Amino acid sequence: MTLIQTLTTIEEPFVPVKNHLGEGPHYEASTGVLRWVDIISKEIHTVNVKEGPPSHKVLKLVDSVGFTADIVGREDEYIVGAKAGFAIVNKKTGSFRYIKKFWNDLEKEARANDGAVDSKGRLWMGTMNDFHVGEPQPEGILFRLDPDLTLHEMVRGVSIPNGIGWSLDDRLMYFIDSPSRSVFVYDFDSETGAISNKRVFWKLTDETGPFPDGLTVDSEGYLWIAIYEGSRVIRVSPTGEEVGQISLKAWKITCPVFGGHDLDELFITTAGVEEGDPHMPAGARDHGSVFRVKMDVKGLPANKFVLTTE
């Protein structure tokens, strides 16, 4: 199909906030609420997509959070990837309790970043060096948390683990380690959660500057990839071909997600920019805001984590 939105520029933000590091957008279909995190500020933001910016709320947390996911059968809570592991957060109060830690050393120089839930309700999440450590090194791990809270180390030696997604037939898993400027793909066994045969699926041609961040997969099996310091979201076909893009006024694009009643809108988070950054392109603005655009293709319903024990 010809995607009408391929060269569209989103002129104005949907929610004009100033997140330091807006990430992890998630659309909750049962309530019509979009939520996202500000990792640096230790916040979870929500907005009702019908009511718009006046419904914007902020939940303050005790630890930084990289992403959130709904839990089957739990309407008042969701699971998050946090500083030291996986935690449950109460939607209203922000109460926070760990249910599975990565490690016992709370001073460890690492934190959670991006994550996603697979078709069997397992939760995948990557860790990376925390902000105070300096330039991220290949010391991160991609974890998989099973419904019985068994924790598996799936990939070691990652630097900035980001977008995770699956092909429509559930036979492939996509994974971004941002400094590589690549989307990697693995063979995926949906029954066991095993991955194998890592190879490059798509690579950003820019050798310096921008790099891929978060991703989402649409109902046609195409990937939408946020380009950090690239002011755009790129659409990539199931065969790895770049077929179009959506441009934004913001510079540091972090993650897209489909939402809205018919899952035919794309919501996009961004990060803030330090004043006077010499690399910022002229005319860039609305940094840290959330953007919204109507699409001619739909997204897929978000998988929920299946929690069988606690």
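Keep in mind that this is a model prediction, so the values were computed, not measured.
- Residue V155 is grouped with residue M173 when hydrophobic side chains (ILVMFWY) are merged at heavy-atom distances under 4.5 angstrom, including chains of intermediate members.
- By the 4.5 Å heavy-atom criterion applied to side chains, S289 and K18 are not counted as neighbours.
- When each of K298, K294, R292 is tested with D264 by the rule salt bridge (Lys or Arg N to Asp or Glu O under 4.0 Å), just one qualifies, namely K294.
- From S231, atom OG reaches atom CD1 of I10 across 11.5 Å, with rounding to the nearest 0.5 Å.
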Assess the residue pair V80 and V37 against the criterion (side chain to side chain contact (heavy atoms under 4.5 Å, CB included)); give the C-alpha distance rounded to whole Å, side-chain angles, the decisive distance to 0.1 Å, and a yes or no.
CA-CA 10 Å; V80 303; V37 305; over 6 Å; no
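- A distance-only check finds a donor-acceptor pair linking the side chain of T308 to the backbone of P147 [under 3.5 Å].
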Under the side-chain hydrogen bond (donor to acceptor under 3.5 Å, both in side chains) rule, what do H45 and D38 come out as? Steps first, then yes or no, please.
CA-CA 8 Å; H45 294 245; D38 185 339; 4.8 Å; no
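- Between the side chain of T127 and the backbone N or O of I141 there is at least one donor-acceptor pair closer than 3.5 Å.
- Checking side-chain atoms of D146 against main-chain N and O of L149 turns up no donor-acceptor pair under 3.5 Å.
- Summarising the local packing, CD of E274 is surrounded by 12 or fewer heavy atoms from other residues, nucleotides or ligands at distances under 6.0 Å.
- Under the 4.5 Å side-chain criterion, counting only non-hydrogen atoms from C-beta, T9 is in contact with K249.
- Atom CD1 of I176 sits about 4.5 Å away from atom CG of L215, to the nearest 0.5 Å.
- I79 and F67 fall within a single hydrophobic cluster, where Ile, Leu, Val, Met, Phe, Trp and Tyr are joined by side-chain heavy atoms under 4.5 Å apart, directly or via other members.
- With T254 contributing its side chain and T269 its backbone, the two residues share a donor-acceptor pair below 3.5 Å.
- Contact annotation: the side chain of I234 approaches that of L204 to within less than 4.5 Å [non-hydrogen atoms, C-beta and beyond].
- For D177 (side chain) and V158 (main-chain N/O), no donor-acceptor pair under 3.5 Å exists by modelled atom type.
- Cation-pi geometry between K100 and F86 is not met: the NZ or CZ atom fails to fall both under 6.0 Å from the ring centre and inside 45° of the normal.
- Checked by atom type and distance alone, the side chain of S182 pairs as donor or acceptor with a backbone atom of S180 at under 3.5 Å.
- For the atom pair CD of E265 and CZ of F14, the computed distance is 8.0 Å after rounding to the nearest 0.5 Å.
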Under the criterion side chain to side chain contact (heavy atoms under 4.5 Å, CB included), I'd like the reasoning laid out for E23 against D213: C-alpha separation, chi angles, the key distance, then a yes or no.
CA-CA 10 Å; E23 271 282 10; D213 199 322; 3.0 Å; yes
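- Using a distance-only test at 3.5 Å, with no hydrogens or angles considered, no donor-acceptor pair links the side chain of K120 to the main chain of V306.
- The line from CG of L248 to CZ of R232 is 11.0 Å long, rounded to the nearest 0.5 Å.
- Between the side chain of E242 and the main chain of G240, no donor-acceptor pair closer than 3.5 Å is present.
- Look at D118 and R144 and you find no salt bridge, because none of the NZ, NE, NH1 or NH2 atoms lies under 4.0 Å from a carboxylate O.
- When all heavy atoms of G299 and S219 are compared, the pair lying nearest together is O-CB, 4.1 Å.
- Between Y174 and the choices F201, W166, Y222, F184, the ring pair (Phe, Tyr, Trp, His ring centres under 6.0 Å) rule is met once, by F201.
- In this structure, the side chains of V47 and L34 come closer than 4.5 Å at one or more pairs of heavy atoms.
- Aromatic ring pairs are classed by plane angle as parallel below 30°, tilted from 30° to 60° and perpendicular above 60°; the pair F175 and Y186 is tilted.
- V89 approaches G94 most closely through the heavy-atom pair CG1-CA, 4.1 Å.
- The heavy-atom pair separating A250 from T270 by the smallest distance is CB-CG2, 3.9 Å.
- Taking a cutoff of 4.0 Å between a charged side-chain nitrogen and a carboxylate oxygen, D70 and R35 qualify as a salt bridge.
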Going through the distances and angles, do K252 and V273 end up as a side chain to side chain contact (heavy atoms under 4.5 Å, CB included)?
CA-CA 8 Å; K252 297 182 176 182; V273 175; 4.2 Å; yes
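- Contact of the I88 side chain with the I71 side chain is registered, since non-hydrogen atoms from C-beta on lie closer than 4.5 Å.
- Cluster annotation: V65 and F131 are assigned to the same hydrophobic cluster (Ile/Leu/Val/Met/Phe/Trp/Tyr, side-chain heavy-atom contacts under 4.5 Å, transitive).
- At a cut-off of 3.5 Å, with distance as the only test, a side-chain donor of N162 or N113 sits close to an acceptor on the other residue.
- Within the 3.5 Å criterion, the main-chain N or O of E43 finds no donor-acceptor partner in the side chain of S41.
- When all heavy atoms of P238 and G221 are compared, the closest pair comes out as CG-O, 3.4 Å.
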Could you walk me through whether W224 and M295 satisfy the side chain to side chain contact (heavy atoms under 4.5 Å, CB included) test, starting with their C-alpha distance in whole Å, then the side-chain angles of each, then the deciding distance to 0.1 Å, before giving a yes or no?
CA-CA 12 Å; W224 292 87; M295 304 294 288; 3.4 Å; yes
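- Note: L21 CG to I39 CD1 = 4.5 Å, rounded to the nearest 0.5 Å.
- Under the 4.5 Å side-chain heavy-atom criterion for Ile, Leu, Val, Met, Phe, Trp and Tyr, L172 and I225 are members of the same hydrophobic cluster.
- Taking 4.0 Å as the cut-off between side-chain N and carboxylate O, R285 and E11 count as a salt-bridged pair.
- Considering only heavy atoms from C-beta on, I268 stays 4.5 Å or farther from P25 through its side chain.
- Counting non-hydrogen atoms of other residues, nucleotides and ligands closer than 6.0 Å to NE2 of H56 gives a total above 12.
- For the residue pair A226 and C255, the shortest heavy atom distance occurs at CB-N, 3.6 Å.
- Note that CG of L123 and CG of L151 are 10.0 Å apart. Values are rounded to the nearest 0.5 Å.
- Note on ring orientation: taking the six-membered ring where Trp is involved, the planes of F188 and W124 are perpendicular (angle over 60°, cut-offs 30° and 60°).
- Counting only heavy atoms from C-beta outward, the side chains of R199 and D187 approach each other to under 4.5 Å.
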Carefully, step by step, assess E77 and K91 under the rule salt bridge (Lys or Arg N to Asp or Glu O under 4.0 Å).
CA-CA 5 Å; E77 298 177 316; K91 292 181 182 179; over 6 Å; no
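- Side-chain contact annotation: D277 with W251, donor-acceptor N/O pair under 3.5 Å absent.
- Summarising the geometry of I227 relative to P210, their closest heavy-atom pair is CG2-CB, 3.6 Å, with the distance given to 0.1 Å.
- When the side chains of ILVMFWY residues are joined at heavy-atom separations under 4.5 Å, either directly or via intervening members, I99 and F143 end up in a single hydrophobic cluster.
- With contacts defined as side-chain heavy-atom distances shorter than 4.5 Å, the pair W36/V257 does not qualify.
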